[in-house]
Amino acid sequence: MVDWQMRNAKRLRSEATDAERLLWTHLRAHCLAGAKFRRQQPIGRYIVDFVCFESRLIVEVDGSQHFESASDRERDAWLRGRGYTVLRFWNGEVLQRTEAVLERIASKLTPLSPYPSPARGEGNALGLRR
């Protein structure tokens, strides 16, 4: 990561919109389906609002300035080209239909394995404990 990206990501975290703050309360600390999300995370030359790396899922929360944005389409295409699924929600949608937004996000998460990873050196080729 480039230093300017880290500074910009930190600034974006401190200047989160009401919708981003609300959504973060539901995504942080493995609250949604046990998935680990990060917020304002640099990926390539972009900073995404929320990302779950394990599911390769990006969640963007947009205001009206993003309406029919060519740069957002270019950004989404770049991220999809790297294997990410990108979900976009409007601020009002997050604020007024939070449960529906969370259900949509949860539906895109890769199910987590019910089996914990074996301790170092305790697994075999199939990942099973001995």
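Keep in mind that this is a model prediction, so the values were computed, not measured. Because only heavy atoms are used, hydrogens play no part in the values below, and waters and symmetry mates are left out as well, while side chains stay in.
The main-chain N or O of Leu22 is found under 3.5 Å from a side-chain atom of Thr25 such that the two form a donor-acceptor pair. The backbone N or O of Cys52 lies less than 3.5 Å from no partner atom in the side chain of Arg56, so there is not a single donor-acceptor pair. Side-chain atoms of Arg80 do not come within 3.5 Å of backbone N or O of Thr85 as any donor-acceptor pair. Formation of a donor-acceptor pair under 3.5 Å by the Ser55 side chain with backbone atoms of Thr110 is found in this model. Distance alone, capped at 3.5 Å, is enough to place a donor-acceptor pair between the Asp49 side chain and the Val61 backbone.
For the side-chain contact (heavy atoms from CB on, under 4.5 Å) criterion with Arg38, the lone passing option out of Val48, Ile43, Val51 is Val51.
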| request: Test Gln40 against Trp24 for side-chain contact (heavy atoms from CB on, under 4.5 Å), laying out the working first. | output: CA-CA 11 Å; Gln40 302 304 338; Trp24 182 238; over 6 Å; no

| request: Kindly determine whether Asp18 and Arg21 satisfy salt bridge (Lys or Arg N to Asp or Glu O under 4.0 Å), including the steps that lead there. | output: CA-CA 5 Å; Asp18 290 343; Arg21 278 193 293 275; 2.5 Å; yes

| request: Carefully, step by step, assess Arg45 and Arg75 under the rule side-chain contact (heavy atoms from CB on, under 4.5 Å). | output: CA-CA 9 Å; Arg45 66 179 196 216; Arg75 167 190 168 118; over 6 Å; no

| message | Assess the residue pair Asp62 and Asn91 against the criterion (side-chain contact (heavy atoms from CB on, under 4.5 Å)); give the C-alpha distance rounded to whole Å, side-chain angles, the decisive distance to 0.1 Å, and a yes or no. | response | CA-CA 6 Å; Asp62 297 333; Asn91 285 332; 5.9 Å; no

| Yes or no on side-chain contact (heavy atoms from CB on, under 4.5 Å) for Leu57 and Tyr84, after CA distance, side-chain angles and deciding distance? | CA-CA 6 Å; Leu57 177 64; Tyr84 289 94; over 6 Å; no

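Here CZ of Phe37 is found 11.5 Å from CZ of Phe53. Values are rounded to the nearest 0.5 Å. Rounding to the nearest 0.5 Å places CG of Leu87 at 6.5 Å from CD1 of Ile105. We find the CH2-CD distance between Trp90 and Gln96 to be 13.5 Å, quoted to the nearest 0.5 Å. Distance check: Arg39 CZ to Glu20 CD gives 9.0 Å after rounding to the nearest 0.5 Å. In this structure, the separation between OG1 on Thr17 and CG on Leu95 is 7.5 Å, given to the nearest 0.5 Å. A distance of 8.0 Å separates CG in Leu23 from OG1 in Thr98, rounded to the nearest 0.5 Å.
Contact annotation: the side chain of Tyr46 approaches that of Glu74 to within less than 4.5 Å [non-hydrogen atoms, C-beta and beyond]. In this structure, the side chains of Arg88 and Asp76 come closer than 4.5 Å at one or more pairs of heavy atoms.
Within 6.0 Å of atom CZ in Arg97, 12 or fewer heavy atoms from other residues, nucleotides or ligands are found, so the atom counts as exposed in its surroundings.
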